Amino acid sequence: MKSSLSAVWAAAFILILLPECVRGKDCVCELNNLQRPFPMEKLDSILSAADQCMKSITSTQFMEVDVLMLGVQRRLEQLEESVSVLEKEDDGGLYGAVSLRIIELELAEVLELMNKLNKTISSHKQLSQSTATKLQSMTEGVQEIESFDLSHVVSKQRENQRIKRDLAECQNELRATHQPPTARPRRCPQGQLINVTGPRTYALTSYGTSYPYGAWGKDPKPAPGKEDTYWLVALTTSNAFANYVRHYSSLSTILVGVGPVDTIIAPANPTTNTIVGPNVVQYGGALYYNCYNSPSVCRFNISTRSVTNTQLPKNSGFNNKFPFGHLDAAYIYTDLDFATDESGVWVVYSSTENFGNVILSEVIEGSPPSLGRTWNTSLHKRTVTNTFMVCGVLYATRFLDKQTEEIFYSFDTETGEERYDLKIRIQKMQTNIQSLNYNPQDQMLYAYSDAYIVSYSTVFQ
Ligand SMILES: *[C@@H]1O[C@H](CO)[C@@H](O)[C@H](O)[C@H]1NC(C)=O
Ligand SMILES: *[C@@H]1O[C@H](CO)[C@@H](O)[C@H](O)[C@H]1NC(C)=O
Ligand SMILES: *[C@@H]1O[C@H](CO)[C@@H](O)[C@H](O)[C@H]1NC(C)=O
Ligand SMILES: *[C@@H]1O[C@H](CO)[C@@H](O)[C@H](O)[C@H]1NC(C)=O
């Protein structure tokens, strides 16, 4: 009896039972605990300290530093590039002065970025110092509590877990060496974008060369009966504003420019809720664009001709604050860039809080539209000529020369991975691309390039 009891209670107590029974009297048992009492309070306080630690350190804080670091690194590279361009091309005149001013602005932004990085890092340093102290005291506390584990239940369990983990690692390594490395499976069946070929089509619009800024494409989620329809928006005032969208019944009619149907957003151009900037898209029978004179997303219901809108976060750029561009040119009123992919509509923009770097938000359909998830990137918007989305991945292009644009950057919304080493070339017919968008339905890229409408095929792995 005594031995089986002590086996059960050995972890914390040793019991000594002393029966004192006398006939006709009550039976009394004396219980002696030879061990120190178990420090329940201590365990509780360690648990709550651990909980607090978990709350104060989140992975997003570390991602923030990564993004800032990558941003500073890229901006320094860009600065170096700009300086070498200045050295090569400085004619002592206007061009040199403009380049110098751009370099000054870049330098100021880099310094600001470094400051922010410094602040973030020192706040994380304090955090990790105080966390380390807490961790040390938690470790000591747990060791003390463990001394109550006389039959070594916990340490044996830990040993078991370690062996199991080693085993699993071993099995994984075995499996990994048996299979060739494969790309991570994606929700999108077509795989990764590896090339762009074409142009497949190249034509002037019915406006001729009048309007160098605009956009065109095909609605990826067309209304019934509108499956073959193509849309076209030309910025008909000041290369900046438009107040109507044009539709053509087929690819051939838009390429030769016959039989357009115009749908008017407002009788004046520009006015409240008309279009500003070229990076417009049509999705689900609605046009998405930057509302005139406002950091907002406008949605124009083409069948009812009604506009609803939603504000971007405060301090988001509009009216040429954070346009696309390259060293000696900015694409005017390109603060907001809309994109369509397999999952719907997206908006690319920037804000002072993110130092002019690209921010990406989902646009939720609906009237009014609203913003869904949002990501900050380290990609400086002004050094990018355009962006588009494929399968939840943001791609950005830059100007290489008059004949070539390069897709050099990607940001995967699923993994948060940023890459600056893509080298997918786009063959241009004109010098500049004012808008570029992907249609997930026909997997084509639609570009508006110095008054020409151009399309490309995409190649997936
Ligand atoms: C970073 O911040 C610390 C104090 O916050 C300051 O002493 C230091 O000079 C800063 N370093 C840079 C490079 O700005
Ligand atoms: C991409 O397409 C171009 C044009 O068809 C071709 O010349 C080039 O070799 C392709 N690149 C790759 C990596 O497949
Ligand atoms: C346009 O508005 C009509 C009437 O409210 C609605 O039935 C239709 O779904 C809307 N279309 C889009 C694309 O929002
Ligand atoms: C993006 O950065 C801004 C400014 O640092 C911050 O306020 C915001 O929470 C960040 N957003 C995301 C989704 O990380």
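When a ligand or atom number is given, it counts from 1 through the structure's own listing order. Not measured: the values here are computed from a predicted model.
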Within the protein, is there a heavy atom lying under 4.0 Å from [atom]?
atom	result
atom 11 (N) of ligand 3	yes
atom 7 (O) of ligand 2	no
atom 2 (O) of ligand 3	yes

Donor on one side chain, acceptor on other, Tyr448 and Gln430, under 3.5 Å
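On atom types as modelled, these side chains do not qualify, holding no pair under 3.5 Å.
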Decide ring-ring contact (aromatic ring centres under 6.0 Å, His included) for Phe241 and Tyr292; before the verdict, give the C-alpha distance in whole Å, the side-chain angles of both, and the deciding distance to 0.1 Å.
CA-CA 8 Å; Phe241 312 113; Tyr292 170 64; 5.4 Å; yes
[atom] [closest protein heavy-atom partner, distance rounded to 0.1 Å]:
atom	result
atom 9 (O) of ligand 3	Asn301 ND2, 4.8 Å
atom 14 (O) of ligand 2	Asn195 ND2, 3.2 Å
atom 4 (C) of ligand 3	Thr304 CG2, 3.6 Å

Would Trp216 and Tyr446 count as a ring-ring contact (aromatic ring centres under 6.0 Å, His included) here? Give the steps.
CA-CA 7 Å; Trp216 76 299; Tyr446 290 87; 4.8 Å; yes
Just which atoms of ligand 4 are under 4.0 Å from any heavy atom in Lys116?
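Per the distance check, 5 (O).
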Residue Gly284 vicinity, atoms of ligand 3 by number, heavy atom under 4.0 Å
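Per the distance check, 13 (C).
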Would you mind running through ligand 3 and noting each atom that sits below 4.0 Å from a heavy atom of Gly285?
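In order of numbering, the contacting atoms are 13 (C).
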Pair Phe324-Asn279, side chain to side chain contact (heavy atoms under 4.5 Å, CB included): steps then yes or no:
CA-CA 11 Å; Phe324 288 134; Asn279 286 293; 3.8 Å; yes
Using distance alone, decide if ligand 4 has a nitrogen or oxygen within less than 3.5 Å of any nitrogen or oxygen in Asn354.
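Checking ligand 4 against Asn354, no N or O pair falls under 3.5 Å apart.
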Asn376 to ligand 4: N or O pair under 3.5 Å?
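There is such a contact, yes.
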Run the side chain to side chain donor-acceptor pair (under 3.5 Å) check on Thr201 and Ser455 step by step: do they pass?
CA-CA 5 Å; Thr201 64; Ser455 66; 2.7 Å; yes
Take every heavy atom of Arg299, measure it against each atom of ligand 3, and state whether any distance is under 4.0 Å.
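It does; at least one heavy atom falls under 4.0 Å.
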For atom CZ of Arg200, is the number of surrounding heavy atoms from other residues, nucleotides or ligands below 6.0 Å larger than 12?
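Open: at most 12 neighbouring heavy atoms sit under 6.0 Å from CZ of Arg200.
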ring-ring contact (aromatic ring centres under 6.0 Å, His included) evaluation trace for Phe322 with Tyr349:
CA-CA 8 Å; Phe322 299 117; Tyr349 55 102; 9.9 Å; no
Report, in ascending order of atom number, the atoms of ligand 2 lying under 4.0 Å from any heavy atom of Thr197.
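Listed by number with element: 2 (O), 5 (O).
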Between Asp335 (side chain) and Asn320 (backbone), is there a donor-acceptor pair under 3.5 Å?
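Such a contact is found between Asp335 side chain and Asn320 backbone.
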Return yes when Arg373 approaches ligand 4 closer than 4.0 angstrom through a heavy atom, no otherwise.
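Checking ligand 4 against Arg373, which is what was asked, there is no heavy-atom contact under 4.0 Å.
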Just one of Thr397, Ile407, Ile426 clears the side-chain contact (heavy atoms from CB on, under 4.5 Å) bar with Asn386, so which one?
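Result: among Thr397, Ile407, Ile426, Thr397 is the only option passing the side-chain contact (heavy atoms from CB on, under 4.5 Å) with Asn386.
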